[in-house]
Every structure is written in C-alpha cells, then in structure tokens.
Amino acid sequence: MTTETDERWMRMAIEVARSKGSDPASSPLGCVIVHDGKVIAAERNQTQELPDATAHAEMMAIRRACEGIGEMELRGATLYSTLQPCGMCTMASIWSKVGRVVYGAGRADVHEMYFEARHIDTLTFIADAYRDDIAIEGGCLREECAKLYYPPDADLSQDEKANL
C-alpha cells in the first residue's frame, strides 16, 4: 500500500520525467531511488540522447545510486518509477537488491508501445524472483503518471511505435 511519503517521492519522479519534455513520443520516464529518507539518485530515460538501449530511467538511477554509495547493493532502498518497469529494469532491481519498487502507471494505463512486444509480467517475475525480500507496488499517482504517456487507445503511426 502506497503512503503519502510514496506520493511525495513519486511527484519528484514525475518532475524528473517532465525534465525531458512533455512529448509522449520521447518516453518521458522518471525514476527516483530513496534510502533512509534521502534521494540517492534521480534520473530520466536517456536512450535516445546517449544513444543506449539500456539507458532506461531505472537503469540510470540504479547506476547513479550504486556509484554514489560505492556499493553494488541497494538493500533497504525504494525505487520509484513513473511507469511499470520493463523486464530489464525489473531484473536490475533484483540484482541490485532494491528492497521495494513503487511505480505509477501500469501496462493497462498506457499505449502498448512503452513495453515489450511480448508481455513480460514483471509482477509475477518479482514474486518468483531469486529473493523474497523485494516488494513491488503499482498505482501510486497512477493518473498523473499516465498523463506523461500516450493513452492505451492512441492511434499512432508505425514510426511512433518504438517497441512494436
């Protein structure tokens, strides 16, 4: 269950996402990682700018957080993402030992272009993960987060459908 504190950090993730602009075609994702009440990383999606297919907001935030603390593990940290993490980002959360993942909009709230063409159920993936000390919760500021992206029924050209 998400709390007022979760909503505060998710609002920060939304602002980080908006720093990329408001065009939903640019996949404006934001991610904030918090440990002991302090932000240890705040990153946005940077796939096009770098260019790097792995430069998702969550991946960049995990990298920065680990660099910042000088450790590979983020035990006890909470990762806030404006969009349900993809399979790659979910796996990175597991490997970095994040304690909790909180996301805003889920797969059903946005256009399918933001996810893998073949569905990876990250919720089940976490439940069946290598560890049992990680939690994932969706729907924190769901509507606010969903406004960052194309809606599920958007009629997009083939060129705009990045992952399909």
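Numbers for residues simply follow the sequence, beginning at 1.
To the nearest 0.5 Å, the span separating OH on Tyr80 from CZ on Arg11 amounts to 12.5 Å. With rounding to the nearest 0.5 Å, the separation of OG in Ser19 from CD in Glu43 is 9.0 Å. Atoms OG1 and NE2, from Thr78 and His35 in turn, are 8.5 Å apart once rounded to the nearest 0.5 Å. Residue Ser26 holds its OG atom at 9.0 Å from CD of Gln48, rounded to the nearest 0.5 Å.
Distance alone, capped at 3.5 Å, places no donor-acceptor pair between the His56 side chain and the Pro85 backbone. In this structure a side-chain-to-backbone donor-acceptor pair under 3.5 Å is missing from Lys20 to Leu29. At least one donor-acceptor pair closer than 3.5 Å links the side chain of Asn45 to the backbone N or O of Ser27.
Of all heavy-atom pairs between Cys145 and Gly104, the closest is SG-CA, 3.7 Å. The two residues Pro28 and Ala17 make their nearest non-hydrogen contact at O-CB, 3.1 Å. In terms of heavy-atom proximity, Val102 sits nearest to Met10 at O-CE, 3.6 Å. The minimum heavy-atom distance between Ala55 and Leu50, with the atom names listed, is CB-CD1, 3.6 Å. Taking both residues in full, the closest heavy atoms of Val16 and Ala42 are given as CG2-CB, 4.0 Å, listed atom of the first, atom of the second, then distance. The minimum heavy-atom distance between Ile62 and Ser93, with the atom names listed, is CD1-N, 3.9 Å.
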Self-check item: Test log, rule side chain to side chain contact (heavy atoms under 4.5 Å, CB included), inputs Met88 and Met59
Solution: CA-CA 8 Å; Met88 174 180 66; Met59 298 292 287; 3.9 Å; yes
Practice problem: Walk me through it: do Arg63 and Thr54 pass the test side-chain hydrogen bond (donor to acceptor under 3.5 Å, both in side chains)? | Solution: CA-CA 11 Å; Arg63 288 176 187 145; Thr54 69; 2.9 Å; yes
Practice problem: Take Glu58 and Ser81 through the side-chain hydrogen bond (donor to acceptor under 3.5 Å, both in side chains) test and state the conclusion after the steps. | Solution: CA-CA 7 Å; Glu58 300 94 334; Ser81 180; 2.8 Å; yes
Practice problem: Decide side chain to side chain contact (heavy atoms under 4.5 Å, CB included) for Val101 and Glu137; before the verdict, give the C-alpha distance in whole Å, the side-chain angles of both, and the deciding distance to 0.1 Å. | Solution: CA-CA 6 Å; Val101 175; Glu137 300 172 29; over 6 Å; no
Self-check item: Derivation of the side chain to side chain contact (heavy atoms under 4.5 Å, CB included) call for Cys66 and Glu71
Solution: CA-CA 5 Å; Cys66 290; Glu71 297 286 335; over 6 Å; no
Exercise. Assess whether side chain to side chain contact (heavy atoms under 4.5 Å, CB included) is satisfied between Leu74 and Ile33, documenting all intermediate values.
Key: CA-CA 9 Å; Leu74 300 171; Ile33 299 178; 4.3 Å; yes
Exercise. Take Arg100 and Asp6 through the test salt bridge (Lys or Arg N to Asp or Glu O under 4.0 Å) and record every step on the way to the result.
Key: CA-CA 11 Å; Arg100 187 168 168 246; Asp6 291 330; 2.7 Å; yes
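For Lys97, the salt bridge (charged side-chain N to carboxylate O under 4.0 Å, His left out) test picks out Glu73, with sequence neighbours left out. Partners of Asp52 by salt bridge (charged side-chain N to carboxylate O under 4.0 Å, His left out), not counting sequence neighbours: none found.
Residues Lys147 and Glu144 are not paired through a salt bridge, judged by the lack of any N-O separation under 4.0 Å between the basic side chain and the carboxylate. The pair Arg107-Glu112 does not meet the salt-bridge criterion, since no charged nitrogen lies less than 4.0 angstrom from a carboxylate oxygen.
Cluster partners of Met1 are absent, since no Ile, Leu, Val, Met, Phe, Trp or Tyr has side-chain heavy atoms less than 4.5 Å from it.
For the pair Val110 and Pro151, the minimum side-chain heavy-atom distance is 4.5 Å or more. Contact annotation: the side chain of Tyr150 approaches that of Met113 to within less than 4.5 Å [non-hydrogen atoms, C-beta and beyond].
Under the 4.5 Å side-chain contact rule for hydrophobic residues, Leu141 and Val32 share a cluster. Cluster membership check: Leu156 shares its hydrophobic cluster with Leu148, using side-chain heavy-atom separations under 4.5 Å among Ile, Leu, Val, Met, Phe, Trp and Tyr.
More than 12 heavy-atom neighbours from other residues, nucleotides or ligands sit within 6.0 angstrom of CD on Glu49.
Exactly one of Ile136, Thr2, Leu83, Thr82 qualifies for a side-chain contact (heavy atoms from CB on, under 4.5 Å) with Tyr103. That residue is Ile136.
The aromatic rings of Tyr149 and Tyr114 sit perpendicular to each other, their planes meeting at more than 60°, with 30° as the lower class boundary.
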